[in-house]
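Quick note on labels: first sequence line is chain A, next is B, and so on, each numbered from 1. All of these numbers come straight from a predicted model, not from anything done at the bench.
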Amino acid sequence: MPELPEVEVVRLGLEPAVTSATVTAVHVGDERALTRHAFGGAEFERALTGRVLAGAARRGKFLWLPLRRDRADAADEALIAHLAMSGQLLLRHPSAPPERHERVRISIEHPEHGELAVVFADQRTFGSLAIDPLVPTPDGAAGGLGTAEPTVPSQVTHIARDPLDPAFDDRRFRALLAAKSSGIKRVLLDQTVLSGVGNIYADEALWAARIHPETPARSLSTRAVNRLLAEIRAVLLKALAEGGTSFDAQYVNVNGQAGYFAHSLNAYGRTGQPCPRCGRPIVRVEFMNRSSHFCPHCQRVPRSH
DNA sequence: TATTTTACCTGAGGGC
DNA sequence: TGCCCTCAGGTAAAAT
């Protein structure tokens, strides 16, 4: 499932191919891929065709390609992509046959690399594309990784900066946690608190920081929060270096290749297997209609009194 | 207001 | 071989 490292791998793959390219044609094969778009498929095709792509930017799990009217203009809108669970952005030869689960195909022409197809494929159709206006960031800092412009798409304004963003505010993060009564894992998945972390990396970071997922966020000491934040950054960077986590064909880079981080998981998906730290079995519990994996020995249940 | 739950969606894989 | 069931989970709307 694409979380921050997986989306960043996709962004890095897209950036050289799309920057300064012109959209020559757009085909929407399935309008369910446009649930974030305000209008229909025909309007999407018309609005995107002829635009110049200014780069590839990311905040948390949101990806966007700023759109210029022509080469001299500043970008005023962006093509947003959210991959959700099974979305993929693939770079293909213009004559490549349709992908399995292909929803949208964007044909581009790059001044140096020639013609390419950007294909959005998505088995479970939770992901989507949209054209969205760019608005200023409240703090005046760059909107995300991969852009120097202090703007974000309007649909991304409520998404917090991610922990790899140079403008991430550690103090704000500590203050938000101190005000939350919910369990820490639930808070880590709240993209308005910090973005980019999903079920896999929440379990991994909590295991590394030796914190039980149900620990009330506000009960964590400053030292514990700092340790957790450091472990979140460490696990995201390590996963990024290994090309992301792939369990099956659900997550691949722009060339259709899987990542290797699944081999480095310590807790997620390892139900019944020994904890790499203490050797006792990892347990799985139900959590928000999904799963939490942790070591009950290393990550003690919080004591209430 | 803050927090929790639900709807959305498809295919892989296991049991029989 | 095929049918039925469970599971995967990010986001935003709805419910509490």
Side-chain angles (χ1 to χ4, degrees), chain A residues 1-8 10-11 29-38 58-64 80-89 98-104 120-130 132 152-160 162-163 175-206 213-219 232 236 239 244-252 258-259 261-262 265 267-272 283-293:
Chain A
M1 319 307 147
E3 301 180 32
L4 186 152
E6 293 77 33
V7 180
E8 178 62 12
V10 172
R11 190 194 72 77
D30 189 333
E31 300 228 0
R32 292 178 302 175
L34 301 181
T35 52
R36 293 173 184 280
H37 188 65
R58 181 192 57 76
R59 176 186 292 203
K61 304 167 199 171
F62 277 86
L63 195 61
W64 70 90
I80 311 178
H82 198 294
L83 304 179
M85 261 79 71
S86 54
Q88 304 175 341
L89 282 168
E99 294 293 323
R100 189 162 163 76
H101 308 305
E102 177 165 329
R103 310 292 181 196
V104 178
F120 180 68
D122 189 9
Q123 179 211 116
R124 283 153 72 187
T125 71
F126 277 19
S128 74
L129 306 180
D132 200 39
V152 287
S154 70
Q155 292 186 36
V156 183
T157 54
H158 68 293
I159 301 295
D162 63 63
L176 286 172
L177 261 56
K180 295 278 185 186
S181 59
S182 304
I184 182 61
K185 180 172 173 182
R186 186 185 285 272
V187 177
L188 291 183
L189 297 179
D190 182 345
Q191 305 295 301
T192 68
V193 173
L194 92 169
S195 65
V197 173
N199 208 37
I200 297 172
Y201 298 112
D203 280 359
E204 291 301 302
L206 289 168
E214 294 298 333
T215 308
R218 64 161 62 131
S219 74
I232 291 169
L236 294 177
T245 303
S246 301
F247 298 111
D248 46 32
Q250 299 275 38
Y251 161 69
V252 293
F261 192 72
L265 295 172
Y268 182 87
R270 300 192 68 251
T271 310
V283 302
R284 170 189 179 276
V285 298
E286 272 199 34
F287 168 80
M288 291 168 70
N289 286 325
R290 41 192 63 100
S291 303
S292 278
H293 310 78

Of residues 184-206 of chain A, the positions that come close to DNA chain C - non-hydrogen atoms, cut-off under 4.0 Å: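 DNA chain C contact set from residues 184-206 of chain A: A:Q191, A:G198, A:N199.
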Are A:E3 and A:Y251 close enough that a side-chain donor and a side-chain acceptor fall under 3.5 Å?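 No, no side-chain donor-acceptor pair sits under 3.5 Å.
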For a quick check under 3.5 Å, do A:R124 and A:S86 share a side-chain donor-acceptor pair by atom type? no
Which atom pairs link the protein and nucleotides 12-16 of chain C when you take only N or O atoms and keep those under 3.5 Å?
{"from": "C:dA12", "atom 1": "OP1", "to": "A:R36", "atom 2": "NH1", "distance (Å)": "3.2"}
{"from": "C:dA12", "atom 1": "OP2", "to": "A:H158", "atom 2": "NE2", "distance (Å)": "2.9"}

Tell me what [X] touches on the nucleic acid: a base, only sugar-phosphate, or nothing, going by heavy atoms under 4.0 Å.
X	value
A:S86	nothing
A:D122	nothing
A:S291	sugar-phosphate

Check: A:D132 side chain, A:Q155 main-chain N or O, donor-acceptor pair, under 3.5 Å: yes
Strictly distance-based, threshold 3.5 Å: is any side-chain N or O of A:Q191 a donor or acceptor partner for the main-chain N or O of A:V197?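 Checking the backbone N and O of A:V197 against the side chain of A:Q191, a donor-acceptor pair under 3.5 Å is found.
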Taking all heavy atoms of [X] and all of [Y], pick out the closest pair and write down the distance.
X	Y	answer
A:V252	A:V10	O-CG2, 4.1 Å
A:P2	A:G87	CG-O, 4.2 Å
A:A121	A:E99	CB-CB, 4.4 Å

Whole-Å gap separating C1' (C:dA8) and CD (A:E3):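 Distance, rounded to whole Å: 12 Å.
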Over how many whole Å does the gap from A:L83 atom CG to C:dT11 atom P extend? 10 Å
For nucleotides 7-12 of chain B, read 5' to 3', which letter fits each nucleotide if B means a protein heavy atom sits under 4.0 Å from the base, S means only the sugar-phosphate is that close, and - means neither? -BBBSS
